[in-house]
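Here's the structure we're looking at; comments come further down.
Reckoned from all heavy atoms, side chains included, excluding hydrogens, waters and symmetry mates.
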Amino acid sequence: MTVPRTETVLEANQTIELLPLDALLGRLLDSQKAALDRVGEALPSIERAVEAAVPRLQNGGRLIYAGAGTSGRIGVQDGVELTPTFGLAPERLVLLLAGGAGAGTQAVEGAEDREDQARLDLSEHVPTANDVVIGVAASGNTPYTCAMVRAGRDAGALTIGVSGNSDGRLLRDAEIGISIPTGAEVLAGSTRMAAGTAQKVVLNLFSTALMTRLGHVYRGRMVDMRISNDKLQKRAERMVSELAGGTEEEVRDALALVGGNVKRAVLIRHGVAVEQVEVLLQQHKGDLHAVLAAL
């Protein structure tokens, strides 16, 4: 029987449970650092994925995350942050986890093997050529994830596979593959460790770079973030003040005129009439640099 690389038992770790605590923690940390090196090697693939995804999202496409188990939960975690952080409309985000939403907090046995369910789950969202399907799997062979990516590709969507196995099925099924071969885990088979860390960092880089290229970042600030509490209200006021000036009252008034959106409040403070804000942003694909340059 072929043993998956992540389940290989390294000789050095045969007695890891007997190590002094400081040595155990050091061994675990070293594996996490090594995982980051694999991400560094994958930067060209991540760049290609971002470049290919930008025009799809600019044309109104959706981000569709797909995965099972730990990998699926990491995908969900990345996706759910995009609305509060960058203002991505909820209807432009689809989070598909083997076993359903409940699998986010409790394992659903056998769900990752259901290729038929994967195809059904995706079909319910009617994928289009403007969508981007991101499949994440440590092994690169998870049936649910691979079938989801294959179905997305058949529908014409851009498909991206993030795999800890450089020769797994997922990278063959996806149009763009991001290989992060973290290899044997310190704890054999525990892909929540190095593989999980690498997956989380890859998705962080991909989604943050994508949102930045889509105009949700201006001068290093999250100008499309959603205001949901007092802390974020104060952050929004500070950003508008720093980017466009004004008294506290003027800044609050500008934010109130545009529903609390920093990017739009900055335009108000630059003298743009409220009825022209959306027109200008649409003309310049949401790029605040381009809008201000055109004023």
Side-chain angles (χ1 to χ4, degrees), residues 43 45-65 75 77-95 128-134 157-158 160 176 178 201-228 232-246 251 254-295:
L43 285 178
S45 298
I46 300 171
E47 182 178 352
R48 286 196 297 274
V50 172
E51 289 178 339
V54 166
R56 311 275 183 139
L57 272 292
Q58 286 177 333
N59 287 332
R62 298 168 295 177
L63 281 177
I64 302 174
Y65 287 77
Q77 183 182 11
D78 190 73
V80 297
E81 294 292 339
L82 301 184
T83 295
T85 304
F86 299 108
L88 184 68
E91 61 270 19
R92 300 187 64 194
L93 181 66
V94 179
L95 306 174
T128 73
N130 285 329
D131 292 331
V132 178
V133 179
I134 310 163
L158 172 67
I160 300 167
I176 298 176
I178 300 174
V201 176
V202 165
L203 292 180
N204 276 346
L205 297 182
F206 169 78
S207 61
T208 302
L210 178 60
M211 292 297 108
T212 300
R213 284 289 181 262
L214 290 172
H216 298 299
V217 174
Y218 176 73
R219 291 176 59 181
R221 296 164 174 86
M222 302 173 288
V223 291
D224 278 325
M225 71 172 193
R226 297 286 179 93
I227 298 175
S228 59
L232 295 179
Q233 175 66 33
K234 290 183 175 62
R235 180 187 295 173
E237 292 172 4
R238 183 171 64 252
M239 284 195 284
V240 174
S241 177
E242 292 168 348
L243 296 173
V251 165
L255 282 165
L257 277 174
V258 292
N261 181 262
V262 172
K263 177 192 291 182
R264 289 159 176 80
V266 167
L267 292 178
I268 295 294
R269 291 295 307 134
H270 276 277
V272 176
V274 67
E275 62 271 14
Q276 286 298 307
V277 168
E278 295 305 321
V279 174
L280 289 171
L281 287 172
Q282 289 180 15
Q283 287 176 350
H284 297 280
K285 299 181 178 179
D287 186 337
L288 189 51
H289 281 285
V291 175
L292 292 175
L295 292 181

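With V223 as the fixed residue, the side chain to side chain contact (heavy atoms under 4.5 Å, CB included) test singles out one of V266, V240, N261, L243: L243. For the side chain to side chain contact (heavy atoms under 4.5 Å, CB included) test with L63, the passing option among V132, V94, L95, D78 is V132; the others fail. Paired with E237 under the rule side-chain hydrogen bond (donor to acceptor under 3.5 Å, both in side chains), one option of K234, R235, Q233 passes, and it is Q233.
Taking the ring-ring contact (aromatic ring centres under 6.0 Å, His included) definition, one finds that H284 meets it with nothing, sequence neighbours left out.
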**Item:** Verdict with reasoning, M225 to T85, per side chain to side chain contact (heavy atoms under 4.5 Å, CB included)
**Value:** CA-CA 5 Å; M225 71 172 193; T85 304; 5.9 Å; no
**Prompt:** Do L82 and L210 pass the side chain to side chain contact (heavy atoms under 4.5 Å, CB included) test, and can you show the C-alpha distance, the side-chain angles, and the key distance before you say yes or no?
**Reply:** CA-CA 10 Å; L82 301 184; L210 178 60; over 6 Å; no
**Message:** Let's go through V262 and D224 carefully: what are the C-alpha distance in whole Å and the side-chain angles of both, what is the deciding distance for side chain to side chain contact (heavy atoms under 4.5 Å, CB included) to 0.1 Å, and is it a yes or a no?
**Reply:** CA-CA 6 Å; V262 172; D224 278 325; over 6 Å; no
**Request:** Go through the steps for D287 and R213 under the test salt bridge (Lys or Arg N to Asp or Glu O under 4.0 Å), then give the verdict.
**Result:** CA-CA 9 Å; D287 186 337; R213 284 289 181 262; over 6 Å; no
**Request:** Take R221 and E242 through the test salt bridge (Lys or Arg N to Asp or Glu O under 4.0 Å) and record every step on the way to the result.
**Result:** CA-CA 10 Å; R221 296 164 174 86; E242 292 168 348; 3.1 Å; yes
**Message:** Using side chain to side chain contact (heavy atoms under 4.5 Å, CB included), reason through V133 and L158 one step at a time and then give a plain yes or no.
**Reply:** CA-CA 6 Å; V133 179; L158 172 67; over 6 Å; no
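Using modelled atom types, one finds no donor on one side chain facing an acceptor on the other under 3.5 Å when comparing E278 with Q282. Checked by atom type, the side-chain pair S45/R48 shows a donor-acceptor distance below 3.5 Å.
Summarising the geometry of F86 relative to M211, their closest heavy-atom pair is CD1-CG, 3.3 Å, with the distance given to 0.1 Å. Residues A53 and F206 approach most closely at CB-CZ, 4.1 Å, considering heavy atoms. Nearest heavy-atom pair across A254 and I268 is CB-CG2, 3.9 Å. Scanning all heavy atoms of the two residues, the minimum distance from I176 to A52 falls at CD1-CB, 3.7 Å. A pairwise comparison of heavy atoms in L255 and A265 identifies CD2-CB, 3.7 Å as the closest pair.
A distance of 13.5 Å separates CZ in R56 from CG in L214, rounded to the nearest 0.5 Å. Atoms CG and NE2, on L280 and H270 in that order, are 12.5 Å from each other to the nearest 0.5 Å.
In this structure, the side chain of K263 does not engage the main chain of V217 through any donor-acceptor pair within 3.5 Å. Without hydrogens or angle criteria, R269 side chain to G245 main chain gives a donor-acceptor distance under 3.5 Å.
A salt bridge does not link D131 to R92: none of the charged side-chain nitrogens sits closer than 4.0 Å to a carboxylate oxygen.
Looking at V291 and V272, their side chains never come closer than 4.5 Å, going by heavy atoms from C-beta outward.
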